[in-house]
Amino acid sequence: MQKMIEYIANGFLTGMGMTASLADGRKIAFAPAVDDGGETVTWSAAADGVQVQISAQYRDGSVLFTADLTSAAPLSGRALTMQLDPGSADDALEVHHDTPWWMYCGWPKSQADVQPKTQHFLLRKGMLHYSVEPLTGDIFRCEADGEGLHLDAGCDGFTAFRGAFLTVTVSTDPVLAVENNYKFAKEMGAIRVPLRSEREYPALFEDFGWCSWNAFYQEVTSAKLYSKLDEFREKNVPVKWIIIDDGWSTYKDGKLVDFPADPVKFPEGMKECVRKIKEEYGIGKVGVWHAFNGYWNGVEPQSELARTFADSLMMTKTGMLVPSDDPDKAFLFWDAWHSWLADCGVDFVKVDNQSSTHNYLAGTVSTTEGARHAHEAIERSINKNFGGVVIDCMGMDMENVQARPYSAVSRNSDDFFPDRENGFAKHIQQNLYCALWHSQVHHCDYDMWWSGNSAPVQSGVLRAVSGGTVYVSDKVGETSLAGVLPVCGKDGDLCRLDNAAMPTLDCIYVNCEETGRLLKTFNRKDDALVLAVFNVSRREITETFTYDVIPGMPKDTEYIAYEYFTKKFARVHFASEETLTLEADGVRCWSLYPVYHDGDVDEADPDKNAYILLGETERYTGIGSREKKKVLLADLAL
């Protein structure tokens, strides 16, 4: 315990030096006195009417840090700052805001390298890996940047900050360190929402879907939807559900005007459109998009909608009319809209623009408390009207992730940008590294993709190994049946894996795009494994690796590996070497099947009665096949 706390306190947090900031602009620096009480260590200080105490409570390889900050004068929104030094570790990975809504990865060597709004750290010190998880309290969030680690309410005027702000867990396995840290934080009450294992994955997302966004963007119309569905029918593309994305609403100047669909774009109305999609095109489920605050810029103040729901809306200090901070009042707004959508036959929603809360609520209320109230209201309505089925989107800030009481599926990356040069490299890195922490709370959505253009094979493999929702967004005429079948099969059923795809052990602390390394990811289905390898650089790469880069791979299990692109079987185990040459944009994908035996192993003939449970070899991830067949090793071309 002492060694762990000493490193975090004196190494990473550089001696626990702190600065409190007051609303009047004054800054008060502290050099706290430390009291080591055994299971709990405290740092205390007081000056100029401000008192602060930081406590570190240890349990079984994990530490919970709590703050108790009080002030005679009003505090600044960013009330407390501690210095930090990721360079004190041998290696460091951080995940920070890439935009207000999305997160991205970085590998800092010093405090100056820490990007604004960093919300996760993974540190390696010798053989140990430290998962450092900033938390959200009742009124504050904890995050880091080049100036230090901050407790921030997003609103001046509070005189007390109290609660857990950081948990740390140590392990020899970095992925296990993160997983155990979230379990510890939940057990200690520091994370107050369900973890992923407690959130039920919606059954409809076990099948293949399509979204209108990259096909039509905001120019979506019912006629264009029917045209795309005609293509699916002609090509026998097994789409089971669709999302009508942004552009269907009635809005003006970025503000919501009314609940029904734009009458010009949807002249038959939403109800008739949904009926036709289901009954005439055989699409099982239909979802629609809307924003977390009504529309991008809220609700139009001069609209009849605003007058009807005046008691359910509030004007923020940033000048935006949004659902009320009172969750009971906000629920009335959402329930009215969602009830109307449900009556139109809509089955679920995609709720966008979620992590804008810390922008449009800033100065009005604590942004952490405001986000929590907003999620409580909207998810209550989604539970009532859609059975809880929603894709959370643009919501990777911890104020949102740690505030959702029910919803299961959350977007794990920025948009798929089909026209961005070498865009796949950033897209895959964002998804794999963000999944390390995001998948602890939510089932991860790696976003839509194009099956016919823009790295379609690499994108298809990434979705197949992702463990989450799989849906394309091709334009009319551009969906490739050959591109989707290895992912969804002819019946549209996914080989969905158990977890979210994450980087392998040799890639966690490496920027593979910049260093010219192969980017590897893994996942599993029961006791079978999948390993996918991508070349995200601009040149051919040859690399030798061993299968022990897969976290948690048993040392005493033999596998039969089937590689999709070469169609070859091979025996592999924990220490097997693989030398691989991949061209720029190349990809390989192995399904690793554990070897079983009928009866005891014959030491004289270990292959006697040895077999695997083989999945569909025409799928990228056959280990996830819903049906498998018993195949003797003697019948395989090994």
Side-chain angles (χ1 to χ4, degrees), residues 77 95 97 100-103 117 119-120 133-143 150-155 158 161-167 181-182 185-186 188-200 290-294 314 316 322-331 333-334 349-362 364-383 388-412 434 437-445:
V95 178
H97 272 258
W101 316 282
W102 308 115
M103 309 290 280
K117 293 185 70 63
Q119 296 188 332
H120 313 274
E133 187 62 28
L135 303 167
T136 59
D138 287 337
I139 62 168
F140 67 83
R141 65 179 180 269
C142 180
E143 61 189 20
H150 310 285
L151 271 58
D152 193 330
C155 183
F158 293 100
F161 277 41
R162 293 188 175 94
F165 68 91
L166 199 71
T167 54
N181 199 11
Y182 272 79
K186 178 68 188 303
M188 298 296 286
I191 289 179
R192 293 168 287 184
V193 297
L195 299 184
R196 176 173 58 87
S197 61
E198 303 168 292
R199 295 176 187 260
E200 183 177 357
H290 69 68
F292 196 49
N293 50 332
M314 71 174 186
T316 69
V322 301
S324 173
D325 183 52
D326 182 328
D328 290 331
K329 292 181 178 180
F331 168 78
F333 172 82
W334 291 119
V349 286
K350 171 186 173 184
V351 180
D352 223 332
N353 201 33
Q354 296 193 14
S355 286
S356 288
T357 48
H358 58 249
N359 289 334
Y360 65 75
L361 292 180
T364 305
V365 296
S366 154
T367 57
T368 300
E369 186 176 41
R372 188 168 63 251
H373 289 167
H375 283 286
E376 178 185 336
I378 197 169
E379 293 200 16
R380 179 180 163 195
S381 176
I382 291 169
N383 269 0
V389 183
V390 56
I391 296 177
D392 293 307
C393 194
M394 297 178 71
M396 295 180 73
D397 191 285
M398 295 309 288
E399 285 185 336
N400 302 95
V401 173
Q402 293 185 15
R404 298 184 186 118
Y406 313 111
S407 56
V409 177
S410 181
R411 265 277 294 282
N412 190 52
C434 287
W437 63 268
H438 197 197
S439 69
Q440 307 305 323
V441 180
H442 289 288
H443 299 272
C444 293
D445 174 354

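We number each residue from 1, following the sequence as shown. Not measured: the values here are computed from a predicted model.
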### Task
Could you give me the CA-CA distance, side-chain angles and deciding distance for Arg199 and Val193, then say whether side-chain contact (heavy atoms from CB on, under 4.5 Å) is met?
CA-CA 10 Å; Arg199 295 176 187 260; Val193 297; 3.5 Å; yes

### Task
In sequence, state the C-alpha distance, the side-chain angles, and the governing distance for His373 and Asp326, and then conclude on side-chain contact (heavy atoms from CB on, under 4.5 Å).
CA-CA 7 Å; His373 289 167; Asp326 182 328; over 6 Å; no

### Query
Would Glu133 and Tyr182 count as a side-chain contact (heavy atoms from CB on, under 4.5 Å) if you check the C-alpha gap in whole Å, the side-chain angles of each, and the deciding distance to 0.1 Å?
CA-CA 8 Å; Glu133 187 62 28; Tyr182 272 79; 2.7 Å; yes

### Message
Working note: Val322 + Thr316, criterion side-chain contact (heavy atoms from CB on, under 4.5 Å); need CA distance, chi angles, decisive distance, verdict.
### Response
CA-CA 8 Å; Val322 301; Thr316 69; 3.8 Å; yes

### Message
What verdict does the side-chain hydrogen bond (donor to acceptor under 3.5 Å, both in side chains) test give for His438 and Ser410, after you've listed the backbone C-alpha separation in whole Å, the side-chain angles of each residue and the deciding distance to 0.1 Å?
### Response
CA-CA 8 Å; His438 197 197; Ser410 181; 3.1 Å; yes

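A salt bridge does not link Glu399 with Arg372: every distance from a Lys NZ or Arg NE/NH1/NH2 to an Asp or Glu carboxylate oxygen is 4.0 Å or more. At a threshold of 4.0 Å, the pair Arg411-Asp392 does not count as salt-bridged, since none of the basic side-chain nitrogens sits closer than that to a carboxylate oxygen. Salt-bridge annotation for Asp328 and Arg380: present, with a side-chain N of the basic residue lying under 4.0 Å from a carboxylate O of the acidic one. Using a 4.0 Å cut-off between a side-chain N of Lys or Arg and a carboxylate O of Asp or Glu, Asp445 and Lys350 do not qualify as a salt bridge.
Between His97 and Asp397, the closest heavy-atom pair is NE2-OD2, 2.8 Å. Looking at every heavy atom in both residues, Cys142 comes nearest to Pro134 through O-CB, 3.1 Å. Listed here is the closest heavy atom pair of Trp102 and Met396: CE3-SD, 3.6 Å. The nearest pair of heavy atoms linking Ser324 to Ala330 is O-CB, 3.4 Å. Taking every heavy atom of both residues into account, Asn353 and Ala291 meet most closely at CB-CB, 4.3 Å. Nearest heavy-atom pair, Gly294 versus Trp334, reported as atom, atom and distance to 0.1 Å: N-CH2, 3.8 Å.
Within the 4.5 Å cutoff, side-chain heavy atoms of Thr167 are placed close to those of Leu135. Contact check for Met103 versus Cys434: side-chain heavy atoms found under the 4.5 Å cut-off. Between His358 and Arg141 the shortest side-chain heavy-atom distance falls below 4.5 Å. With contacts defined as side-chain heavy-atom distances shorter than 4.5 Å, the pair Val351/His290 qualifies.
A donor-acceptor pair is defined here as one N or O able to donate and one able to accept, closer than 3.5 Å; no such pair exists between the side chain of Glu369 and the backbone of Ser366. A donor-acceptor contact shorter than 3.5 Å is absent between the side chain of Asn359 and the backbone of Pro100. The backbone N or O of Asp138 sits nowhere less than 3.5 Å from a side-chain atom of Arg162 that would complete a donor-acceptor pair.
Within a 6.0 Å radius of NZ in Lys186, more than 12 heavy atoms belonging to other residues, nucleotides or ligands are found. Within a 6.0 Å sphere centred on CD of Glu200, other residues, nucleotides and ligands contribute 12 heavy atoms or fewer.
In this structure, the separation between CD1 on Ile191 and CE on Met398 is 6.0 Å, given to the nearest 0.5 Å. Atom CZ in Phe140 sits 12.0 Å away from atom OG1 in Thr367 (nearest 0.5 Å). Interatomic distance, CD of Glu143 versus OG1 of Thr136, reported as 11.0 Å (0.5 Å rounding). Here CG of Asp325 is found 7.0 Å from CG of Leu361. Values are rounded to the nearest 0.5 Å. Atom OG in Ser356 sits 9.0 Å away from atom CG in Asn400 (nearest 0.5 Å). With rounding to the nearest 0.5 Å, the separation of NE2 in His120 from CD in Gln440 is 10.5 Å.
No close placement of the His375 and Tyr406 rings is indicated, their centers lying 6.0 Å or farther apart. Under the 6.0 Å cut-off for aromatic ring centres, Trp437 and His442 do not qualify, their centroids lying 6.0 Å or more apart.
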